[in-house]
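For reference, the structure is listed below as structure tokens.
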Amino acid sequence: MTAHVGKVLVTGAGSGIGAGIASVLASRGWRVAVNDLDTDLAQALAARIGGIAIAGDVGTHAADIVTRAAQKLEGLTGLVNNAGIHRRAPLASVTEAQLNDVYRVNLQAAILGSQAALAFFASGGAIVNTASIAAYTPQMQTGLYSAAKAGIVAFTAQAAVEWGPLNVRVNAVAPGMVRTAMAESVYADATLHAARVAMVPLRRIGTPEDIGNAVAFLLSADASYITGQTVIIDGGFTHTVIDHLPHPMIAAGNN
Ligand SMILES: NC(=O)c1ccc[n+]([C@@H]2O[C@H](COP(=O)([O-])OP(=O)(O)OC[C@H]3O[C@@H](n4cnc5c(N)ncnc54)[C@H](O)[C@@H]3O)[C@@H](O)[C@H]2O)c1
């Protein structure tokens, strides 16, 4: 039997970025538990990458999902808190139900899931949380998504300090624009797609595998002295803010 480099649960991994993360980890020798709300998606990906499926809602059952994964995998050395949702609404009219949904899935699940994972990290472990560039640069109409993702950045740093002595590292990735179902309506429109590509210094939209590669590094022994960090993976996009200012050179076509 092949020895695995570790045993990891990836939440929200039936599609999108989570599926990219789970696939990259499996290709690097991890034994992967694939969690998703959608049982069919979780089972299909688990079958494709030789992992196991753990269906369920991390917004309400995070600790239970981690426990079931650790039991089925017979141990756990890694956790990727990736599941996340948007609820479009301006802050002025965001409802308590929308607030609770966004908070529970994007932030509370990562905290309660990580707590549960600690009990299985027999001789240490590594956690990676999925934040977003929205943690640093809010966006109109995203309600409390930005605040929840900023909470993930702060939780990542806090947990790194508290759990470092237990040999548990905690880091995060903050994706920029990545083509997944979450924003497919934008990328399906060729004009909008091209306009977005033009705003990214690397001149392309990110892929789930781009994020998976960074997560694999942060979980690996190569990152053994890195903890509490959030790595922005956006093709350079968030460094372009000043370039959006109108300027005579740009008006003259000399940018
Ligand atoms: N796509 C982007 O551009 C982008 C950018 C920055 C951050 N992110 C973050 O990356 C993560 C993944 O985003 P995505 O674009 O792949 O989203 P997605 O909507 O394409 O896929 C998310 C997956 O998670 C599952 N899921 C949703 N809620 C769940 C829950 N409560 N429990 C278990 N599974 C659940 C869904 O069924 C789906 O398969 C999220 O945390 C998101 O906030 C995405």
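Each ligand, and each atom within it, is numbered from 1 in the order the structure gives. Each residue takes its place number in the sequence, starting with 1.
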Ligand 1 to Ser15, heavy atom cutoff 4.0 Å, flagged ligand atoms 21 (O), 23 (C), 38 (C), 39 (O)
Honestly, for Ile85 the part within reach of ligand 1 (heavy atoms, under 4.0 Å) is side chain
For Gly84, the ligand 1 atoms with a heavy-atom partner under 4.0 Å come out as 40 (C), 41 (O)
Note: ligand 1 atoms sitting under 4.0 Å from heavy atoms of Ala83 are 41 (O)
- Query: Would one find an N or O of Val178, backbone or side chain, under 3.5 Å from an N or O of ligand 1?
  - Reply: yes
In ligand 1, the atoms that come under 4.0 Å of a heavy atom of Gly16 are 16 (O)
Note: ligand 1 atoms sitting under 4.0 Å from heavy atoms of Thr130 are 9 (C), 10 (O), 11 (C), 41 (O)
* Report yes or no: does a heavy atom of Gly176 sit under 4.0 Å from some atom of ligand 1? => yes
### Message
So Leu118 and Trp163, do their side chains get closer than 4.5 Å, heavy atoms only?
### Response
yes
min-distance protein heavy atom vs atom 34 (N) of ligand 1 -> Leu37 N, 3.2 Å
Q) Is a donor on one side and an acceptor on the other found under 3.5 Å between the side chain of Thr77 and the backbone of Gly6? A) no
Note: ligand 1 atoms sitting under 4.0 Å from heavy atoms of Tyr145 are 7 (C), 8 (N), 9 (C), 42 (C), 43 (O)
Using modelled atom types and a 3.5 Å cut-off, is there a donor and acceptor pairing between side-chain atoms of Asn81 and backbone atoms of Ile111?
no
Asn171 (side chain) donor-acceptor with Ile226 (main chain) under 3.5 angstrom: yes
Exercise. With a 4.0 Å cut-off on heavy atoms, is Asp57 touching ligand 1?
Worked result: yes
Self-check item: Sub-4.0 Å heavy-atom contact, Lys149 with ligand 1
Solution: yes
request  = Answer yes or no: is there a side-chain heavy-atom contact under 4.5 Å between Lys7 and Trp30?
outcome  = no
_Within the 3.5 Å criterion, strictly below it, is a donor on Thr156 or Asn129 matched to an acceptor on the partner's side chain?_
yes
Would you say Leu91 and Leu144 make side-chain contact, with heavy atoms under 4.5 Å? yes
**Side chain to side chain, Ile21 and Asn82, heavy atoms closer than 4.5 Å** = yes
The closest protein heavy-atom partner of atom 22 (C) of ligand 1 is Gly12 O, 4.2 Å
Counting from 1 in the order shown, the ligand 1 atoms closer than 4.0 Å to a non-hydrogen atom of Val105 are 31 (N)
Worksheet item: Taking distance alone, with no angle check, do Ile17 and ligand 1 share an N/O pair under 3.5 Å?
Response: yes
Residue, atom and distance of the protein heavy atom nearest atom 25 (C) of ligand 1 read Asp36 OD2, 3.3 Å
Residue pairs meeting salt bridge (charged side-chain N to carboxylate O under 4.0 Å, His left out), one or both in residues 55-84, sequence neighbours left out, come to Asp64-Arg68
Return yes when Ala131 approaches ligand 1 closer than 4.0 angstrom through a heavy atom, no otherwise.
yes
Exercise for review: Return yes if some donor-acceptor pair links the side-chain N/O of Thr227 with the main-chain N/O of Val170 below 3.5 Å, else return no.
Suggested key: yes
Contact region, Thr11 to ligand 1, non-hydrogen atoms below 4.0 Å, reads neither
Ligand 1 to Gly56, heavy atom cutoff 4.0 Å, flagged ligand atoms 32 (N), 33 (C)
Using only heavy-atom distances, determine whether the side chains of Arg196 and Tyr187 contain a donor-acceptor pair under 3.5 Å.
yes
The complete set of salt bridge (charged side-chain N to carboxylate O under 4.0 Å, His left out) pairs with one or both residues in residues 200-219, sequence neighbours excluded, reads Arg204-Asp210
